[in-house]
J.: 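The structure that follows is given in the form of structure tokens.
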2 protein chains.
Amino acid sequence: MDCRPISQMLGRIGDKWTIMTITMLLDGPKRFNELRRIIGGISQQMLTRTLRALENDGLVSRKVYPTIPPQVEYSLTTLGRSLAEPLTQLTVWVLENIAEVERNRSKASNRSVD
Amino acid sequence: MDCRPISQMLGRIGDKWTIMTITMLLDGPKRFNELRRIIGGISQQMLTRTLRALENDGLVSRKVYPTIPPQVEYSLTTLGRSLAEPLTQLTVWVLENIAEVERNRSKASNRSVD
DNA sequence: CAGAATCCCGTCTGATACTG
DNA sequence: CAGTATCAGACGGGATTCTG
């Protein structure tokens, strides 16, 4: 089978900002700067792009309240919530194994790894 | 909590070539060009880089047989196999939902999409 | 066969400044 | 507040050539 479309898709949803954004939206709708704050380390531009891409793919919905100052709320669609499951598992794996990976990484500068 | 190290790690293992490589190694050890062929669309350099990174992180082990012509075999370590689980779930999600995502994407073709 | 080295381009990403 | 516009550096990733 041809893996190109799949790997392209993986490259898109596997993107770290996408994963973080979806994960953060799991416990409810969030506003732009709120998201930016809790994700941490993401630039305003990257958050905008990530949200646009997610919205375009139908994973996140964007709701604008025509108030002053403007208020925009982002939330997961049903499809987005279904993606959150496997992404959460991936995050769990990272949390459980990041220490060992980093140990391996520093070891590899001294001797060849098994 | 600080999400930076986590998102960095996610960006590394979420990389499409990494996901494809680990997935392909799931059903047994593979040689370099064999991997390259079944992954499809990956350049020699990217496969080399991906395998080096995986080896360095202790997710893949590299075994060299000093024959002529040289033969190198890559296989998953225990840690690598544990990562394969969540990655497989992600791949399954892609397979199940790629059609809907692409439908959403074309529907939203209001302005420049990639 | 399994790479290493090199060149090169497009994309990602952050920083900064500006707007409705 | 929630963006858009622009610049610039880092990085991803392909193509090609060369070696043990």
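The figures here come from the full heavy-atom set of this structure, side chains too, leaving out hydrogens, waters and symmetry mates. Naming convention: chains lettered A, B, ... in sequence-line order (proteins, then strands); numbering from 1 in each chain.
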J.: Quick check against the 3.5 Å criterion: does N97(B) have a side-chain atom that pairs as donor or acceptor with the backbone of W93(B)?
T.: yes
J.: Does the side chain of T77(B) pick up a donor-acceptor pair with the side chain of S61(B) at under 3.5 Å?
T.: no
J.: For Y74(A) and dG3(D), is the shortest distance between a side-chain N/O and OP1 or OP2 below 4.0 Å?
T.: yes
J.: Mind calculating the distance between CD (Q71(A)) and P (dG3(D)) to the nearest angstrom?
T.: 11 Å
J.: Within this structure, what is the CG-to-P distance between L51(B) and dA2(C), rounded to whole angstrom?
T.: 11 Å
J.: For R36(A) and R52(B), find the nucleotide of DNA chain C closest to each by heavy atoms; which residue's nucleotide sits nearer the 5' end?
T.: R52(B)
J.: Rounded to the nearest angstrom, tell me the gap between atom CD in Q8(B) and atom P in dC12(C).
T.: 19 Å
J.: When you get a sec, tell me which of dC1(D), dG3(C), dG14(C) is the closest nucleotide to the side chain of Q44(B)?
T.: dG3(C)
J.: Please list each protein N or O that sits under 3.5 Å from an N or O in nucleotides 18-20 of chain D, with the distance.
T.:
none

J.: Have a look at P86(A) and tell me which of L90(B), V94(B), L87(B) forms a side-chain contact (heavy atoms from CB on, under 4.5 Å) with it.
T.: L90(B)
J.: Considering residues at least two apart in sequence or located in another chain, which fulfil the side chain to side chain contact (heavy atoms under 4.5 Å, CB included) criterion with Q8(B)?
T.: none
J.: Check the distance between dT4(D)'s P and L47(A)'s CG and give it to me in whole angstrom.
T.: 11 Å
J.: Across the strands shown, which category fits G41(B) at heavy-atom distances under 4.0 angstrom: base, sugar-phosphate, nothing?
T.: sugar-phosphate
J.: Quick one: which protein N/O atoms are closer than 3.5 Å to N/O atoms of nucleotides 6-12 of chain D? Pair and distance per line, please.
T.:
residue : atom : partner : partner atom : Å
dT6(D)  : O4   : Q45(A)  : NE2          : 2.7

J.: Judged by atom type as modelled, is there a donor-acceptor pair below 3.5 Å linking the side chain of E55(B) to the main-chain atoms of R52(B)?
T.: no
J.: Rounded to whole angstrom units, what separation is found between the NZ atom of K30(A) and the P atom of dA2(D)?
T.: 13 Å
J.: Side chain of R31(A): nearest nucleotide among dA4(C), dA2(D), dG3(D)?
T.: dA2(D)
J.: Which heavy atom of D57(A) sits nearest to which heavy atom of N104(B), and what is that distance?
T.: O-ND2, 3.1 Å
J.: Kindly say if R62(B) contacts the phosphate of dG3(C), meaning a side-chain N or O under 4.0 Å from OP1 or OP2.
T.: yes
J.: More than 12 non-hydrogen atoms from neighbouring residues, nucleotides or ligands closer than 6.0 Å to CD on E85(A), yes or no?
T.: no
J.: T21(B) pairs by side-chain contact (heavy atoms from CB on, under 4.5 Å) with which of T50(B), L59(B), I38(B)?
T.: T50(B)
J.: What is the separation between atom CD on E73(A) and atom P on dC1(D), rounded to the nearest whole Å?
T.: 15 Å
J.: Go through dT16(D), dA2(C), dT4(D) for me and flag the one nearest to the F32(B) side chain.
T.: dA2(C)
J.: How long is the line joining CD1 of I42(B) and C1' of dG3(C), in whole Å?
T.: 14 Å
J.: Under a 3.5 Å distance rule, please check whether T18(B) uses its side chain to pair with a backbone N or O of G14(B) as donor and acceptor.
T.: no
